[in-house]
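A short write-up of the structure that comes next.
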Amino acid sequence: DNGFGIIGNTEGFGFITNDIYFIKTDSNGNIVCPQLNFSASDTLFCDDKTVTFYNASIGTGQYSWWVNDTLFSNLISSSYYFQNAGNYNIKLKSCTDSVFAQIIHLQEPSDSFSFTIKNDTVNFSYSPPSNLQSFVWDFGDGKFDSINVNPTHIYDTIGLYPVTLSVVDSNGCTNTSSQQVSILPD
């Protein structure tokens with residue numbers, strides 16, 4: 001089998017060690033690079049998450065993983081935590097070859113709402129995203145509304161009510177927001 005080894009000194013953490021790297025070559029002494037390929041545990045998602053990248057390359061080599069041109073790992077297979085919505089370009093590189101995939105972290109739908117109170121009547125206001133698929137208002141008194149985006153609700157008794165708005169967009173992304181509504185005596 002063709003190949004050669006490189007021995008070098010690596011200095012780190014107060015130690016100097018000898019590292020040995022074996023590099024596969026063909027019969028003419030040219031470095032043989034692996035045929036790159038990889039898969040991801042997920043490529044389209046809504047919530048912050050860790051995605052695992054599985055190296056499915058044919059052959060051996062030294063690998064580097066990049067997200068939007070920033071190196072994040074030199075492991076054979078690796079993981080990356082996506083915490084902000086956006087499009088991410090993932091690159092697996094070895095020798096001078098690279099393969100790419102795109103990861104899309106979708107923005108969760110807005111669930112922010114406001115309200116005004118007059119006596120026992122509360123007017124709720126919500127500005128839905130254009131891709132709103134469904135919503136449910138839970139008024140905290142056992143009553144719900146999934147028809148009116150900006151409902152008006154009348155409470156039967158005074159008290160403090162936890163009002164929750166749950167939304168789902170056309171991508172299947174969900175979000176939930178809650179606020180306290182206080183109904184006081186007249």
Side-chain angles (χ1 to χ4, degrees), residues 13 38-56 63-93 98-186:
F13 302 106
F38 72 94
S39 62
S41 61
D42 206 345
T43 58
L44 180 67
F45 50 89
C46 304
D47 298 323
D48 298 352
K49 75 180 321 180
T50 298
V51 175
T52 301
F53 301 101
Y54 304 99
N55 189 335
Y63 300 100
S64 59
W65 293 94
W66 302 75
V67 62
N68 292 344
D69 294 324
T70 301
L71 176 69
F72 71 89
S73 177
N74 286 312
L75 299 174
I76 293 171
S77 292
S78 195
S79 297
Y80 187 83
Y81 182 71
F82 295 89
Q83 64 183 13
N84 297 312
N87 294 339
Y88 296 87
N89 293 311
I90 305 302
K91 175 171 61 174
L92 172 61
K93 184 175 180 180
S98 300
V99 290
F100 299 87
Q102 187 173 53
I103 301 295
I104 301 173
H105 180 186
L106 298 169
Q107 180 72 43
E108 293 176 336
S110 170
D111 62 353
S112 179
F113 67 91
S114 61
F115 59 89
T116 57
I117 303 172
K118 184 172 182 183
N119 301 322
D120 60 353
T121 303
V122 181
N123 294 307
F124 294 94
S125 179
Y126 169 59
S127 295
S130 61
N131 66 340
L132 181 68
Q133 186 73 33
S134 64
F135 63 92
V136 175
W137 288 95
D138 177 348
F139 299 113
D141 62 354
K143 296 178 183 163
F144 301 86
D145 188 339
S146 59
I147 297 172
N148 301 297
V149 173
N150 296 302
T152 297
H153 186 70
I154 299 172
Y155 287 89
D156 296 330
T157 58
I158 62 171
L160 189 62
Y161 297 93
V163 175
T164 301
L165 173 61
S166 299
V167 297
V168 179
D169 69 16
S170 60
N171 295 312
C173 297
T174 63
N175 215 347
T176 301
S177 180
S178 295
Q179 294 187 47
Q180 296 289 330
V181 172
S182 181
I183 303 299
L184 303 172
D186 292 342

Ignoring hydrogens, what is the shortest heavy-atom contact between F139 and P151? Give both atom names and the distance.
CZ-CG, 3.9 Å
Stepwise side chain to side chain contact (heavy atoms under 4.5 Å, CB included) check, L165 with Q179:
CA-CA 9 Å; L165 173 61; Q179 294 187 47; over 6 Å; no
Using side-chain heavy atoms (C-beta onward) and a distance below 4.5 Å, is I90 in contact with F38?
yes
From CA spacing to verdict: side chain to side chain contact (heavy atoms under 4.5 Å, CB included), S41, Y54
CA-CA 8 Å; S41 61; Y54 304 99; 4.1 Å; yes
Under 3.5 Å, is there a donor-acceptor pair between the side chain of Y155 and the main chain of V122?
no
Is the backbone of N89 close enough, under 3.5 Å, to the side chain of N68 for a donor and an acceptor to pair up by distance?
yes
Say you draw a straight line from NZ of K93 to CG of N74; how long is it, rounded to the nearest 0.5 Å?
11.0 Å
Is a donor on one side and an acceptor on the other found under 3.5 Å between the side chain of W65 and the backbone of L75?
yes
Where the side chain of N171 meets the backbone of C173, is there a donor-acceptor pair that is under 3.5 Å apart?
no
Might you work through the side chain to side chain contact (heavy atoms under 4.5 Å, CB included) test for D169 and L132, ending with a clear yes or no?
CA-CA 4 Å; D169 69 16; L132 181 68; 5.7 Å; no
How far does CG of N150 sit from CZ of F124, to the nearest 0.5 angstrom?
11.0 Å
May I have the list of side-chain donor-acceptor pairs in residues 102-110 shorter than 3.5 Å, sequence neighbours left out?
unit_1	atom_1	unit_2	atom_2	d
H105	ND1	N84	O	2.8
H105	NE2	C46	O	2.9
H105	NE2	D48	OD1	3.4

I'd like to know whether CG of L160 has more than 12 heavy-atom contacts from other residues, nucleotides or ligands below 6.0 angstrom.
yes
When you compare the side chains of S77 and N55, does any donor N or O come within less than 3.5 Å of an acceptor on the partner?
no
Nearest-0.5 Å distance, CZ of residue F113 to OG1 of residue T164:
7.0 Å
Give a yes or no on whether the backbone of V51 and the side-chain of D42 come within a donor-acceptor separation of less than 3.5 Å.
no
Should the ring pair F53 and F82 be called parallel, tilted or perpendicular, given that the plane angle runs from 0 to 90° and is split at 30 and 60?
perpendicular
Hey, what do you get for CH2 (W66) to OG (S98), rounding to the nearest 0.5 Å?
9.0 Å
Which pairs, with at least one residue in residues 128-156 and sequence neighbours excluded, count as a salt bridge (Lys or Arg N to Asp or Glu O under 4.0 Å)?
K143-D156
In Å and rounded to the nearest 0.5 Å, what is the CG to CD1 distance from L184 to I158?
7.5 Å
Given 3.5 Å as the limit, does a donor-acceptor pair link the side chain of W137 with the main chain of V149, or not?
yes
Quick check: closest heavy atoms across Y126 and P128, and the distance to 0.1 Å?
O-CD, 3.2 Å
For the CD1 atom of I147 and the CZ atom of F135, what is their distance to the nearest 0.5 Å?
8.0 Å
Set out, in order, the CA-CA distance, both residues' side-chain angles and the distance that settles side chain to side chain contact (heavy atoms under 4.5 Å, CB included) for I183 and T157, then state yes or no.
CA-CA 8 Å; I183 303 299; T157 58; over 6 Å; no
Is there side-chain contact between K118 and N123, with heavy atoms separated by less than 4.5 Å?
no
